[in-house]
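Read through the structure below, which is laid out as structure tokens, and then see the notes.
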There are 2 protein chains.
Amino acid sequence: MNLAVKEKKKTAEVRRRGSGAQRVYEELKRDILCLDLKPSDLLDESALSQKFGMSRSPVREALIRLSMEGLVVTLPNKSTLVAPLGLEEFQSYLDALDLVQRVTTRLAARLRTQADLKAIIAREKEYKKARAVGNVSDMIESNLKFHMAISNAARNKYLDFLHARLLDDGRRMLHLYFRSFGDAVPESTEHDHDLIVKAIRNQDEDLAESHAHDHVMGVGKQFLGYLGAYQLTDFKLSV
Amino acid sequence: MNLAVKEKKKTAEVRRRGSGAQRVYEELKRDILCLDLKPSDLLDESALSQKFGMSRSPVREALIRLSMEGLVVTLPNKSTLVAPLGLEEFQSYLDALDLVQRVTTRLAARLRTQADLKAIIAREKEYKKARAVGNVSDMIESNLKFHMAISNAARNKYLDFLHARLLDDGRRMLHLYFRSFGDAVPESTEHDHDLIVKAIRNQDEDLAESHAHDHVMGVGKQFLGYLGAYQLTDFKLSV
DNA sequence: CAGCTTGATTTTGTCGACAAACTGAATACA
DNA sequence: TGTATTCAGTTTGTCGACAAAATCAAGCTG
């Protein structure tokens, strides 16, 4: 009895070897992407190692990985901080995202298997459910999964990687964007998703690409409008 | 006298703080990309730290960064090895590279400044010189710089990053490819480059994109032919 | 009073050590 | 003979400590 309890406690305390850096990495990444850690926030290694209850080595490893993803910026011998949001480059971002999503959606329409389709539809339903409940974080999460499910169906490792990078990069902007609506997120996104799914199901490449393009442009346009209003509220665009 | 020598020696020995990991990172990356370190080669942290004359920490940092770039693969608690060359996915790679180069070349034709043009032409000349001398490494280096100069002119940070990633990923294949010719690399590459530069100079977007496409397809086709012959020679395609 | 220097404090980069996880060979057993 | 097990030897993941570099305040000089 006592022994069993002790052992359980031990497995809870003593993390498995190698999980330390991984945990810090995932947790920090999550916090950064959902804006719990704000752009330009300072990340102190000692403070973090204390917070996570481990030495600086795994924390350091996590920060290095995050810096390679562009989510934190490391000033040598000085400090590392959460990467500033480069909203000045939003137009460039949209261009790149449009390009990649158009081609992945087209390829998905061409190559999708039945299993791919099933996965995509499942993500779509998750999104609808999250929106119905009004859970912004879940909406963003399932929205990303929806689009990644599409690029998975495109069967191109390189495009898939690029797509994932772009979606991660845009995640923080998406949080700003969705929050701007409060609890009443427009249903245009769902409508777009429906059209894309239908085109992929029917394997209509041209239509799929076209809907993907419209989707990106629609979201981008709304966000740009939002940005215009946001800038008036004295938001620090760059640091 | 003796003191001066001693001091100089000291500055040579004692690297500047922060340069350690950077040096290992750059050197390993260079060796991996030019195939001095062969795919699936084992990278031992202790051995590397001994070779570079420093502790394991900076070596470890370098390996983490390389793993985030996909140049090494880390098997947790086991070992890390040079990333295997995924030649099975060469077709996917070509598709992605074609996409990115077409759009960056098009944008470059649209947005290039005089300075951009100058930089691009300078890289082109470097390439010609390297080919004339028959220096394969320099050819690859300047070829990459040539294409990066174009995507720099496209003024899109995201596309530029994706492009750089793809070119790095393809660098090792390019080494195989160029080496297959021995000292007599075909001049089709130069011709392609000439056409691209002309189109960019004339700001003819359609032509620029078209030439970029032809260039990628041409190199891809030749490489695929080479691969066919290579596979016959019992090369381990994947590991 | 402005600007530079000095010195104390903080934070990072590097080091050496240790324990956990894996490897592989030698041994025991069916 | 073939399979499982134990026990060494590596190699990695994590730790605590220290020195270099930056930060910042106080003091000095003109």
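The sequence lines fix the lettering, A, B, ..., with proteins before strands; numbering per chain opens at 1. Scope of the values below: all heavy atoms of this structure, side chains included, with no hydrogens, waters or symmetry mates.
- A donor-acceptor pair is defined here as one N or O able to donate and one able to accept, closer than 3.5 Å; such a pair exists between the side chain of B:D116 and the backbone of B:T113.
- Residue contacts for A:S19: at a heavy-atom cut-off of 4.0 Å it reaches the sugar-phosphate backbone alone, with no base atom in range.
- The shortest distance between the side-chain N/O atoms of B:S55 and the OP1/OP2 oxygens of C:dC15 is below 4.0 Å.
- When rounded to the nearest whole Å, the span between CZ of B:R16 and C1' of C:dT14 equals 16 Å.
- Classified by interplanar angle (parallel below 30°, tilted 30° to 60°, perpendicular above 60°), the ring pair B:Y158/A:Y93 is perpendicular.
- Atom CD in B:Q50 sits roughly 11 Å away from atom P in D:dT11 (whole-Å rounding).
- Across every non-hydrogen atom of B:A96 and A:N156, the tightest pair is N-ND2, 4.3 Å.
- The CZ-P distance, from B:R15 to D:dA20, rounds to 12 Å in whole Å.
- One interatomic measurement links the two molecules: CD of A:E45 to P of D:dA17, which rounds to 17 Å at whole-angstrom precision.
- Side-chain atoms of A:K78 lie closest to D:dT23 of the nucleotides D:dC15, C:dC22, D:dT23.
- Atom CE of A:M54 is separated from atom P of D:dG16 by 12 Å (rounded to the nearest Å).
- In this structure, A:Y177 has its ring center under 6.0 Å from that of A:F223.
- Within the 4.5 Å cutoff, the side chain of B:L28 has heavy atoms near those of the B:L48 side chain.
- In this structure, A:N77 atom CG and D:dA21 atom P are separated by 7 Å, rounded to whole Å.
- The residue B:T74 sits apart from the nucleic acid: no heavy atom pair falls under 4.0 Å.
- Separating the CZ atom of B:R56 from the C1' atom of D:dC15 is a distance of 12 Å, rounded to the nearest angstrom.
- Judged by closest nucleotide on DNA chain D, A:A21 is the one of A:P76 and A:A21 placed further toward the 5' end.
- Counting any heavy atom pair closer than 4.0 Å across all strands shown, A:L43 reaches sugar-phosphate atoms only and no base atom.
- Remark: P of C:dC22 and CG of B:L75 are 11 Å apart, rounded to the nearest angstrom.
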